[in-house]
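Quantities reported herein were computed from a predicted structural model and do not represent experimental measurements. Sequence lines set the chain letters: A, B, ... in the order given, protein chains first and strands last, and positions in each chain run from 1.
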Amino acid sequence: MTKRTDYCGRLSSDDIGRTVTVCGWVSKRREHGEFLAFVDLRDRTGIVQCVVDHAHDIRSEYVLAVTGTVRERPPETANNDLPTGSIEIGEATVEILSHAEPPPFQISGRVDVDETIRIRHRYLDLRTSRMQRNLRSRAAINAAIRRSMDDQEFVELETPMLIASTPEGARDFVVPSRLSPGNFYALPQSPQLFKQLCMVGGMDRYYQIARCMRDEDLRADRQFEFTQLDMEMSFVDGREVRAVISEAVSEAAEVITGERPDSIPEIPWSEAMNRYGSDKPDIRFGLELVDLTSVFSDTDFNAFKAPTIKGIKVEAGGDIGRNQLDQLTDKAKSWGAKGLVWVKVGSSGEVTSPVAKFMSEAEISGLLSTMEATEGDICYLVADEWRKVVHVLGLLRLELARPPVNEGGLCFLWVVDFPLFEDVDDDGNPLPAHHPFTMPHADDLELLSKSSVASDLLEVRSQAYDLVLNGWELGSGSVRIHRRDIQQQIFHLLGIGEEESQQKFGFLMDAFRYGAPPHAGFAFGIDRLVALLVGEENIREVIAFPKTQSGTDPLTNAPTSIDQTQLDELGLRVLPPAT
RNA sequence: GGUCCCGUGGUGAAGUCUGGAGUUCACGCUGGCCUGUCAAGCCAGAGGUCGCGGGUUCAAAUCCCGUCGGGACCGCCA
């Protein structure tokens with residue numbers, strides 16, 4: 001085989017006169033009769049035009065080694081759309097290294113191809129400039145993150161993939177044990193407990209680019225397996241953790257955009273919920289939620305006799321048709337609202353609304369002034385309990401105005417002061433908002449120990465924080481509990497008894513007996529970060545071999561059945577499907 | 001568990017609402033012509049179980065029911 005001397009996309013006018021050999025795939029062939037043809041050869045660096053005197057037996061995606069002399073193109077034939085467009089490889093001889101059948105889709109095509117077909121033939125899809133760019137960007141981001149963490153004196157440690165199942169959190173993927181039939185390993189949802197053990201072990205600053213697995217339904221931003229930058233630090237508070245992570249993601253953003261992002265603002269969770277109706281607000285645009293509860297405090301309108309009323313205003317949004325309004329109302333209902341009230345503002349301040357007749361003059365003027373609504377605007381109102389109101393309006397806000405992924409810049413945001421408990425379950429036990437090792441806010445410790453009233457407990461803040469980028473949750477972290485007494489108090493509140501906590505987390509509790517440093521950490525999703533940085537709506541576009549939304553792989557056909565022999569060895573029996 | 005959208009030669013779309021011959025467009029593919037193209041051009045050609053099954057009808061890509069596959073979202077994701 002002829003040895004490559006150069007890459008296609010790196011040839012330039014500096015190489016004129018050199019005899020070179022390039023290797024790659026045939027991107028395009030243009031024949032001009034028997035004695036002149038152009039072959040565009042593609043490798044990972046780009047495309048170069050090769051001039052050959054006979055190309056009839058060369059087809060798309062053949063693998064070639066082309067040898068010839070670099071020369072300037074006749075000026076009138078230069079191609080300014082191509083980085084190598086001013087030169088070409090002349091009088092080229094071609095060695096065919098591999099023949100190729102016509103691919104199932106065009107590698108250099110201009111139309112989008114059905115994603116299932118792309119994934120089924122991912123080895124071809126990876127040749128496209130889009131996937132080359134995305135995966136190379138991903139590698140550059142990984143390198144930048146590693147560089148940043150190394151510079152900040154973190155040590156990269158590996159934690160096990162086969163671990164014990166803990167029933168909290170997401171559904172586990174499990175692996176049957178051959179040597180211990182009937183017992184199972186779980187694949188890690190995150191290295192959480194191990195990194196805390198590393199802190200007890202005096203590693204001080206740990207990080208890992210870790211694969212995590214969660215058996216939950218897939219989405220545009222969720223795959224079964226995903227990659228996180230996972231880290232933990234000793235003797236620090238949350239502020240220092242956020243500084244380290246801010247540095248790492250800024251480095252990552254800079255290698256892609258060429259610019260360092262501004263310092264990342266912080267917003268308390270309660271403010272995020274009240275202003276944006278989300279704990280991962282997309283702050284690239286306004287359309288903030290406005291509180292109207294006091295405006296309707298004495299209302300006669302039954303639908304507005306609710307703990308919370310909020311609205312959002314779309315400026316000049318009043319020309320929306322009845323049909324679309326009905327669709328928005330249906331959506332709001334599907335998100336859990338009882339209904340969606342809309343109010344259009346006319347030229348002299350009069351309003352049009354299906355429920356206008358139920359509102360008093362004072363309420364209407366209060367509504368318009370509070371929302372600063374003027375002619376041509378439309379307001380959408382939801383009345384319900386607070387949690388539901390902000391949830392529905394938060395989704396409506398995104399529905400109405402969310403920009404495409406590649407518009408509006410990069411708006412990083414820290415959401416801080418999350419509540420310690422998200423809600424109360426049917427037995428009256430509070431549910432942790434983050435995980436049960438999250439340290440309560442120092443100022444709320446008293447509230448925590450004094451009260452066991454659910455409404456009080458939901459007020460307790462935690463030292464947990466999320467990093468958000470353009471409305472995507474990149475990751476979360478917290479200051480951890482390193483004191484056994486507080487940890488036991490939390491377990492008690494969560495309804496986890498002594499025996500249960502010992503069984504599930506005993507190894508961590510035991511470790512804490514022997515001198516646990518105060519510690520805090522974070523983890524963020526690299527798939528999501530990469531997708532947003534390269535402007536993709538979907539993390540599958542930045543994963544070499546992703547799965548479909550139903551969790552299958554059209555390339556390998558996973559998941560598949562396994563041999564009876566394998567089942568026997570593992571002591572497993574497969575039940576017939578439930579009917 | 002739920003809501004919505006999509007499925008038509010190798011690829012992408014139109015046709016479906018309003019039933020009437022597998023019709024159309026672009027790319028690709030095969031053959032021919034063509035000595036400066038680069039979305040090459042010109043000529044000719046091949047290529048289809050309209051995802052699958054059932055129903056309605058004289059007649060179904062089109063309407064109805066079911067099912068499979070893909071996608072977006074709600075729930076879920078400590």
Does any donor-acceptor pair link the side chain of [X] with the base of [N] at a separation under 3.5 Å?
{"X": "A:Glu34", "N": "B:rU35", "answer": "no"}
{"X": "A:Arg73", "N": "B:rU37", "answer": "yes"}
{"X": "A:Arg214", "N": "B:rC77", "answer": "no"}

Taking only residues two or more places apart in sequence, or in another chain, which ones meet [X] in a side chain to side chain contact (heavy atoms under 4.5 Å, CB included)?
{"X": "A:Asp114", "answer": "A:Thr116, A:Ile117"}
{"X": "A:Asp217", "answer": "A:Arg219, A:Arg222"}
{"X": "A:Asp15", "answer": "A:Leu11, A:Ser12, A:Arg18, A:Val70"}

Just checking [X]: base, sugar-phosphate only, or nothing, at a heavy-atom cut-off of under 4.0 Å?
{"X": "A:Glu422", "result": "nothing"}
{"X": "A:Ile117", "result": "sugar-phosphate"}
{"X": "A:Ala78", "result": "base"}
{"X": "A:Glu88", "result": "base"}

Counting side-chain heavy atoms from C-beta on, which of [options] comes nearest to [X]?
{"X": "A:His32", "options": "B:rU11, B:rC77, B:rG36", "result": "B:rG36"}
{"X": "A:Val111", "options": "B:rG75, B:rG12, B:rG10", "result": "B:rG12"}
{"X": "A:Arg219", "options": "B:rC76, B:rA39, B:rG36", "result": "B:rC76"}
{"X": "A:Asp217", "options": "B:rG1, B:rA40, B:rG12", "result": "B:rG1"}

For [X], ring pair (Phe, Tyr, Trp, His ring centres under 6.0 Å) partners two or more places apart:
{"X": "A:Phe224", "answer": "A:Phe173"}
{"X": "A:Tyr185", "answer": "none"}
{"X": "A:Phe38", "answer": "A:His32"}
{"X": "A:His99", "answer": "A:Tyr62"}

Can you check the distance between B:rA46 and B:rU23, where both ends of the measurement are the P atom (answer in whole Å)?
14 Å
Taking only side-chain nitrogens and oxygens of A:His391, does any of them come within less than 4.0 Å of OP1 or OP2 of B:rG75?
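Answer yes for this pair, as a side-chain N or O of A:His391 is under 4.0 Å from OP1 or OP2.
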Taking 4.0 Å as the cut-off, does a side-chain nitrogen or oxygen of A:Asn538 come that near to OP1 or OP2 on B:rA72?
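Answer is yes, contact under 4.0 Å.
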What pairs of nitrogen or oxygen atoms, one from the protein and one from nucleotides 29-32 of chain B, lie under 3.5 Å apart?
{"from": "B:rU30", "atom 1": "OP1", "to": "A:Arg59", "atom 2": "NH1", "distance (Å)": "2.6"}
{"from": "B:rU30", "atom 1": "OP2", "to": "A:Arg59", "atom 2": "NH1", "distance (Å)": "3.1"}
{"from": "B:rG31", "atom 1": "OP2", "to": "A:Arg59", "atom 2": "NH1", "distance (Å)": "3.1"}
{"from": "B:rG31", "atom 1": "OP2", "to": "A:Arg59", "atom 2": "NH2", "distance (Å)": "3.4"}
{"from": "B:rG32", "atom 1": "OP2", "to": "A:His56", "atom 2": "NE2", "distance (Å)": "3.3"}

Nearest non-hydrogen partners of A:Leu457 and A:Pro430, listed with the distance:
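The answer is CD1-CG, 4.1 Å.
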Below 4.0 angstrom, which residues in residues 464-472 of chain A have at least one non-hydrogen atom near RNA chain B?
none
All N/O contacts under 3.5 Å from nucleotides 22-27 of chain B to the protein, with atom names and distances to one decimal?
{"from": "B:rC27", "atom 1": "O2'", "to": "A:Gln106", "atom 2": "OE1", "distance (Å)": "2.7"}
{"from": "B:rC27", "atom 1": "O2'", "to": "A:Gln106", "atom 2": "NE2", "distance (Å)": "2.6"}
{"from": "B:rC27", "atom 1": "O2", "to": "A:Gln106", "atom 2": "OE1", "distance (Å)": "3.2"}

When A:Leu325 is tested against each of A:Ile320, A:Asp330, A:Leu340 for side-chain contact (heavy atoms from CB on, under 4.5 Å), which residue passes?
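Running side-chain contact (heavy atoms from CB on, under 4.5 Å) over A:Ile320, A:Asp330, A:Leu340 with A:Leu325 returns exactly one hit, A:Ile320.
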Where at least one partner belongs to residues 461-472 of chain A, residue pairs that pass side chain to side chain donor-acceptor pair (under 3.5 Å), sequence neighbours excluded:
A:Asp444-A:Arg461
Distances for protein N/O vs nucleotides 66-70 of chain B N/O pairs under 3.5 angstrom?
{"from": "B:rG70", "atom 1": "OP1", "to": "A:Thr548", "atom 2": "OG1", "distance (Å)": "3.2"}
{"from": "B:rG70", "atom 1": "OP1", "to": "A:Ser550", "atom 2": "OG", "distance (Å)": "3.1"}
{"from": "B:rG70", "atom 1": "OP1", "to": "A:Thr552", "atom 2": "OG1", "distance (Å)": "3.0"}
{"from": "B:rG70", "atom 1": "OP2", "to": "A:Ser550", "atom 2": "OG", "distance (Å)": "2.9"}

A:Phe38-B:rU37 aromatic stacking (under 5.5 Å, under 30°)
yes
